[in-house]
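Below: the structure, in structure tokens.
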Amino acid sequence: MPSTQNASSSKGPTTVLLQISNIPEQSSFQEVKKAFDNLLLFRKRDVRIQYTLTLAQGGTYEGQRNGGAGIIELSSNTDARILTSRIQRPEFKIRGNVIYFATMSGSLAKAPRVFNNFFCPRIKEEARLKKEESLFKLKHRVRVCKVQFGVLGRKPDELFIEWEGDYDPESLTARIDTDKRIAFLSFEDTRDEDNPRSIQIEMGGHSDDFLRRVTIPMQHIKSLSIAYDFGQPFVHMVLHCPPSFEIREQWRASCGNPVNDKRQSWRRLMALDAAHERVVPFASRSLRIVFTRDSQHLENFMEMSKYVRLPTLKQSDAENIYKTDLFSPKELRKFDQLIASLPWIVAFQCEALLRNCLLTTPEIFSLEKDIRRLLKFSTRHAAEVLRLYVSLVGGVASSGENINSCFKRAERECNERGSDEALVSPPLGTFECRHITVTPTSFLLQGPDSEQSNRVIRRYGSEFEEYFLRVAFADEGGFRYRSEFDVKTHDFIRERVGSVLKGGLTVANRNFEFLAYSSSSLGKHSVWFVSPFEHPVYGYVTAEAIRTGLGDFSGDIRKPARYAARISQAFSSTDPTVTVQPHEIVEKPDIVSEDGKEFTDGVGTISPMLADEIWEKLKALRPLKSREHLVKPSAYQIRLGGYKGVVSVDYSLKGRLICPRKSMKKFEAFGSLDIEIAKAFDQPGSMYLNRPLIMLLETLGVKHHAFIALQDVAMEQAKEALKYPDSTAMLLELHGIGSAYKLPSLLHRLESYGLTQLHAKDVFIRRILNYSLYHVKRELKNHTRIPVIDSWTLVGVADEYSVLEEGEIYGWSQVHEILL
């Protein structure tokens, strides 16, 4: 029990709790308090930091006056920092005992950042010794005699080797024999040696000008097994995605500083050599590393694996290894001939099977008969069956099902859905979009998926949608490219991304070229590509013809960034609504103050009649059940030819009129009179803090603990929200997650049907929710995107009637119950 004796003082709004231990049990409460008084005294000002001290009650034996531990409560984080600095040097002692401090839950949990690097001396010493031990263990370099890349077979322990690197297993000295090449495996990460994040295999010979390296990030390793092949140990890694391949000069000059010598000394590669480049897009996710017969190398690997985050190292029987040519030039030519004979939307799915490493070439050839049988029924139906098959065949290995029976299952499921479903056109305002992700080693195919269309797609009609592609650029695993301390990536990105942008790419025997990008997709490293086609109205359509037909960009053609931004206006995702006549567009001048400030930059007006027509068109795009509960907006974000911006309803306008401002006109468009809606403000926008806004508010005097409190509330609500479907749906709506797939609506329906625990028991839904929570945490951490409860973001429009005084705003709210 804690002692009833304590020293207290008034506490501020934020308190910090520390546990103290190793207090001499013979010391009285007054003695301990006096020691802390002296520790926390500002001698020059004779001011003492305010605190509360509580000691554990002592035992029954003679001389024990306290329990050897206690709690100290400080009134602020600032006081806690001062205490932290004063107990480091020299160590704080009472009667020769070093006093240890540790953080506690409670108030301190609300501000853990203060003590991220604060430990008691004993714990710090133990951590240092453990770190030294792990670093020593990780210094081993394991000798490798073979590095093999291949693909898994359909039978257990079956592996087909497509590329192999042989290295000398005997020589004990590295790179001395000019006729031999050697390879070493190590656990290294120059960014953080305390916590290695990758396995690296370095290979080369004394006479080589360049060394090559395979880098396998720990998080990319799916499974790890060890076995023996005729007495020779090997490790088999199955990867989620291909590793990184790198190269550097072997005899580069040193600057005298080992750290600077390592800085960006390696360069990214697409493949290790020419033979590897041919198979790397298809055979890079199964890696076999053969060690020398010396058992010490295997023991070193197993010892090092204990100190890093690796999957469980499993012992397995000897594998059935076959050296094959599944992706030889002959096989790849045969595959190209097959897809050239198929309709493109079917060929796209066949290429997805190969490029996404789902099937090998012989396996795809075995499906040819079934594919041609489906084509006799319908091209669209065949494409739909293959699309479903692409999503199912990845799970065949774990389920034990063979690829042919999986194809039959995909066909059966499509037939059960209804033979007409594959023929149904997508909803108005959407189109079937196909995606390509260009990675360092290959490109991955996805889709088609329904997406909101844009002006260009609608212009040429639904029958030509397949000629447009969304192309994204990403590192292996879908991650963004990022800089590494020891790897230079800029030249590789310029070569890999630049070659695709300039030279285009070939997908299923169809050539595509760069077209343009939208402003929002550029942030996701995604752009538009198009394949030239013959149109009955517009003739032969190319990327250049599309850009030229958008409008007159002569004023921006010499400014690349502005020129691209103007073109991107036509590729913004919008909903089509009504078409106006030229006389119904009345351009208005901007309202400018005496000192030259534009009050109406990007804001125009629209008549009530035309706004009602637009709203009727938009309602037709919404689900039928939800239309009666929609609230008619009074402002829209629009695209109209070369105009872009926001228009608000002006009730003084009569008839069908839209009045854009001069500042809204970005270029002169040719014959485009359709009003396209980028956003209808028919529901309130949630309020979020971000880094720039927080910096501004702090400058204006808002204390930082107010932002920390809002962040803590956001975290707690995110965790609590996953317990019930309704609260989870509200969380997803608040952060804009899953709205494109109606996920919040699905969870609301689960709640209304009484299935309150399904989202916790169903593995698929649970995984989605975990990803959603991860997304929320990532937004809080990386972008400080903190939601402010019961706050809303207002749409900014102009005061056309000069009603508002300086410092005033007009807001309108309406409570509307939404029934499911």
Side-chain angles (χ1 to χ4, degrees), residues 141-170 180-186 198-205 208 211-217 220-247 269-294 297-298 301-302 305 310-311 313-328 331 357 360-362 397 440-442 476:
R141 303 183 75 200
V142 181
R143 193 65 176 273
V144 174
C145 62
K146 286 185 180 179
V147 177
Q148 300 170 325
F149 284 98
V151 294
L152 292 174
R154 297 300 169 185
K155 298 179 181 179
D157 300 321
E158 190 176 54
L159 180 65
F160 298 104
I161 301 299
E162 290 293 309
W163 182 88
E164 178 180 88
D166 284 307
Y167 307 96
D168 178 48
E170 303 296 335
K180 296 180 179 179
R181 300 171 67 239
I182 62 174
F184 285 99
L185 179 148
S186 60
S198 62
I199 295 176
Q200 298 174 342
I201 306 171
E202 188 175 324
M203 53 199 75
D208 293 341
L211 301 179
R212 286 168 172 78
R213 186 172 74 178
V214 180
T215 299
I216 307 130
H220 289 182
I221 301 176
K222 184 178 181 180
S223 65
L224 194 63
S225 60
I226 186 169
Y228 289 85
D229 186 10
F230 296 102
Q232 199 162 11
F234 67 86
V235 170
H236 182 195
M237 298 181 185
V238 179
L239 309 178
H240 292 288
C241 56
S244 299
F245 305 104
E246 296 143 11
I247 188 174
L269 285 176
M270 181 179 175
L272 295 173
D273 56 32
H276 187 227
E277 184 175 356
R278 174 173 50 82
V279 302
V280 70
F282 321 109
S284 295
R285 304 189 186 194
S286 191
L287 172 62
R288 188 170 179 261
I289 305 168
V290 183
F291 300 134
T292 65
R293 294 183 183 273
D294 185 356
H297 291 289
L298 176 62
F301 176 82
M302 297 182 69
S305 65
L310 278 177
L313 188 61
K314 299 178 181 178
Q315 296 282 347
S316 65
D317 298 329
E319 295 180 332
N320 298 317
I321 308 299
Y322 306 96
K323 292 187 178 180
T324 57
D325 285 318
L326 300 176
F327 309 102
S328 65
E331 291 294 305
C357 300
T360 62
T361 48
T441 57
S442 181
E476 305 294 357

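Quick note: residue numbers are just sequence positions, from 1.
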(request) Answer yes or no: is there a side-chain heavy-atom contact under 4.5 Å between Val214 and Phe245? (result) yes

(message) Tell me the closest heavy-atom pair linking Arg278 and Ser328, and the distance in Å.
(response) NH1-CA, 3.3 Å

(request) Output yes when a side-chain donor or acceptor of Gln232 lies under 3.5 Å from a complementary backbone atom of Phe291, and no otherwise. (result) yes

(request) Compare all side-chain heavy atoms of Ile226 with those of Met302 and state whether any distance is below 4.5 angstrom. (result) yes

(message) Rounded at 0.5 Å granularity, tell me how far CE in Met270 sits from OG in Ser244.
(response) 13.0 Å

(message) When you measure from the side chain of Asp273 to the backbone of His276, do you find a donor-acceptor pair of N or O atoms at a distance under 3.5 Å?
(response) yes

(request) Flag the pair Leu326 / Pro362 as yes when at least one side-chain heavy-atom distance between them is below 4.5 Å, and no otherwise. (result) yes

(message) Do the side chains of Asp168 and Arg181 get close enough for a salt bridge, i.e. N-O under 4.0 angstrom?
(response) no

(message) Could you report the tightest heavy-atom contact between Pro243 and Ile216, atom names first, then the distance?
(response) CB-CG1, 3.8 Å

(request) Output, in order, the C-alpha distance, side-chain angles, deciding distance and verdict of side-chain hydrogen bond (donor to acceptor under 3.5 Å, both in side chains) for Gln315 and Ser225. (result) CA-CA 6 Å; Gln315 296 282 347; Ser225 60; over 6 Å; no

(request) Give, for atom CZ of Phe160 and atom CZ of Phe327, the distance between the pair rounded to the nearest 0.5 Å. (result) 10.0 Å

(message) When you compare the side chain of Ile289 with that of Phe301, does any pair of heavy atoms fall below 4.5 Å?
(response) no

(request) Step through it carefully: locate the ring centre of Tyr228, locate the ring centre of Phe234, and say whether they are under 6.0 Å apart. (result) no

(request) Check for a donor-acceptor pair, side chain of Arg212 on one end and backbone N or O of Leu272 on the other, with a separation under 3.5 Å. (result) yes

(request) Please say which of Leu298, Val290, Thr292 ends up in a side chain to side chain contact (heavy atoms under 4.5 Å, CB included) with Pro233. (result) Leu298

(message) Tell me whether Asp229 is salt-bridged to Lys146, with the criterion being a basic N under 4.0 Å from an acidic carboxylate O.
(response) no

(request) Taking all non-hydrogen atoms of both residues into account, name the closest pair between Tyr167 and Val144 and its distance. (result) CB-O, 3.7 Å

(message) Counting C-beta onward and ignoring hydrogens, is there a side-chain heavy-atom pair between Leu185 and Arg141 closer than 4.5 Å?
(response) no

(message) Pair Ile199, Ile221 - check side chain to side chain contact (heavy atoms under 4.5 Å, CB included), show working.
(response) CA-CA 10 Å; Ile199 295 176; Ile221 301 176; 4.0 Å; yes

(message) Tell me the closest heavy-atom pair linking Thr215 and Pro217, and the distance in Å.
(response) O-CD, 3.5 Å

(message) Can you confirm whether Ser286 sits close enough to Leu152 that some side-chain heavy atom of one is under 4.5 Å from a side-chain heavy atom of the other?
(response) yes

(request) Could you walk me through whether Glu476 and Thr441 pass the side-chain hydrogen bond (donor to acceptor under 3.5 Å, both in side chains) test, one step at a time? (result) CA-CA 8 Å; Glu476 305 294 357; Thr441 57; 2.8 Å; yes

(message) For the NZ atom of Lys155 and the CG atom of Asp157, what is their distance to the nearest 0.5 Å?
(response) 12.0 Å

(message) Using 0.5 Å steps for rounding, measure from the NZ atom of Lys323 to the CG atom of Leu159.
(response) 11.5 Å

(request) For Gln148 and Gly165, indicate whether the former's side chain and the latter's backbone hold a donor-acceptor pair under 3.5 Å. (result) no

(message) Measuring only between side-chain heavy atoms, which start at C-beta, is Lys222 closer than 4.5 Å to Leu239?
(response) no

(request) Quick one: pull up NE2 in His240 and CE in Met237 and give me the separation to the nearest 0.5 Å. (result) 13.0 Å

(message) Working to the nearest 0.5 angstrom, can you tell me the gap between Lys314 NZ and His236 NE2?
(response) 12.5 Å

(request) For residues Val147 and Phe149, report the shortest heavy-atom separation together with the two atoms involved. (result) CG1-CE1, 4.2 Å

